Amino acid sequence: MNSFLTHLECTACGQTYPADGLIKTCPACGKVLYARYDLAGAATSMTKQALADRPWNLWRYAEIMPVQDRANALTLGEGGTPLLPAPALGRSIGLANLLIKDEGQNPTGSFKARGLGVAVSRAKELGATTVAIPSAGNAAAAMAAYAARAGLAAIVAMPADTPTVMQAECRAYGATVLLVEGLINDAGKLIREGSERYGWFDVSTLKEPYRAEGKKTMGIELVEQLGWRVPDAIVYPTGGGTGIVGMWKAFAELEAMGLIGPERPKMIVVQAEHCAPIVRAFDAGERHAPLWEDAATIAPGMRVPIAIGDYLILDAVRESGGIAMTVSDADLLQGMREAASTEGLFVAPESGAAVVATRMLRERGFLAPDGEVVIFSTGSGLMHTDLVPLDGLPVLDPADPEALSRLAW
Ligand SMILES: *Cc1c(COP(=O)(O)O)cnc(C)c1O
Ligand SMILES: [Zn+2]
């Protein structure tokens, strides 16, 4: 199973480029480049039958992945995450067919492992020696882990108030950690500067073509897990947008390969009330989403005030008949509690937002009661234990025979 990668294509001006060197955005117009494949060729070898015998990780889709030499494919066990029925949460929301794709089970605890596993593999294959990333937290941890695995130097820049567990994880992997006064876009400025001055390879969201290739495997896997069909709707907490954009690209490729038909799920973007550039642009009928000033939310993955792939996200949402909506921080905490207490899934705050958004869309009638809806649990709640109050826990004296009976049961 070889890669059928043929070239890169600009998503805005259509210019094409060879895929044989380190490249970032389109040299002609600065927009996002996509990896393109000989899909007819890929279809002859990536068949449903052939896949049945391959291991459950994202490299099973090697034909439509960019890494050329399989020996360069780094793995920490990314991908192959479960698609779990969520009947209790579904009953509570009023959805008979609710599913949760549990991306929290990825290495480093979020779906970021997919994109960065692939981007770091490909960057190494193309000769990079230092990889660098601005991040709200999870992407930095994922990049640092794969850089360690690859033997590459890693530089990460993140807001100074990023959850300490993510900072600590990056340090543990040996990355150089830079804390920045500001948000991910401010961190991005520093990384851009460092890349120009010191030759770091910048793997920022959609600013090189291969992270999206890792993200797209969420869409392929989902389709395969459903028996080669798409669900009615996908609810996705959105920051930089590679998740939505990557899955949308995957569906087009799978259709071109004859693996699915023209049906598409409604792509539903969920953002935080005080950081919602994509929702604002969606509501205004715009294709570009300017910087959101004073962005604030407790969900780091959604604390992204500007996205280079704004037009790709908005196109996918509109073409799919989806919607973009916001959730407050108080509501997303409630969503986290619900997923954990009804289904045993301790999800990240971003995914708590997706849970609440699903409920709101059901109440509004946007989602039908019998629709098959997939919520992406993009990350684990284990990085966010500070969001669960522990006050009032009883501390018991084991020598006290009345210790238990004094509590209300
Ligand atoms: C990065 C991140 C997101 C946002 O994903 P994008 O694909 O960048 O829009 C959502 N949830 C979590 C947990 C994340 O780490
Ligand atoms: Zn271009």
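Remember, predicted model here, so these are calculated numbers, not experimental data. Whatever order the structure lists them in is the order used to number ligands and atoms, beginning at 1.
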Nearest protein heavy-atom contact for atom 11 (N) of ligand 1: which residue, which atom, what distance? Thr378 OG1, 2.7 Å

Considering non-hydrogen atoms of the protein only, which is the closest contact for atom 7 (O) of ligand 1, and what is the distance? Gly243 N, 2.8 Å

Enumerated ligand 1 atoms positioned under 4.0 Å from heavy atoms of Asn138: 13 (C), 14 (C), 15 (O)

Kindly report the SG-the Zn ion (ligand 2)-SG angle for Cys10 and Cys26 respectively, rounded to 10°. 110°

Could you check which of Lys112, Glu103, Met302 puts a non-hydrogen atom nearest to atom 3 (C) of ligand 1? Lys112

Are a donor atom and an acceptor atom from the side chains of Glu125 and Asn72 found within less than 3.5 Å of each other? yes

Scan side-chain atoms only and decide if Glu221 and Trp56 contain a donor-acceptor pair under the 3.5 Å cut-off. no

Protein heavy atom at shortest distance from atom 6 (P) of ligand 1: Gly241 N, 3.4 Å

Any side-chain donor-acceptor pair under 3.5 Å between Thr11 and Tyr311? yes

Is the ring pair Tyr236/Phe111 parallel, tilted or perpendicular, if the boundaries are 30 and 60 degrees? perpendicular

Backbone or side chain, does any N or O of Gly240 fall under 3.5 Å from an N or O of ligand 1? yes

Numbered in order shown, the ligand 1 atoms found under 4.0 Å of a heavy atom of Thr238 are 9 (O)

Assess, by modelled atom type and distance only, whether the side chains of Ser377 and Glu103 contain a donor and an acceptor separated by less than 3.5 Å. no

Can you pull out the closest protein heavy atom to atom 5 (O) of ligand 1? Residue, atom name and distance to 0.1 Å, please. Phe111 CZ, 3.2 Å

Under a 3.5 Å threshold, yes or no: a donor from one side chain and an acceptor from the other, between Gln105 and Asp102? yes

Say whether Thr205 and ligand 1 are in contact under the criterion: heavy-atom distance to a ligand atom below 4.0 Å. no

Qualifying residue, where the test is salt bridge (charged side-chain N to carboxylate O under 4.0 Å, His left out) with Lys249 and the options are Glu255, Glu9, Glu213: Glu213

In terms of side-chain heavy atoms, does Arg114 have a donor or acceptor partner in Thr242 at a distance below 3.5 Å? no

Under a 4.0 angstrom heavy-atom cut-off, which atoms of ligand 1 come close to Pro237? 4 (C), 5 (O), 10 (C)

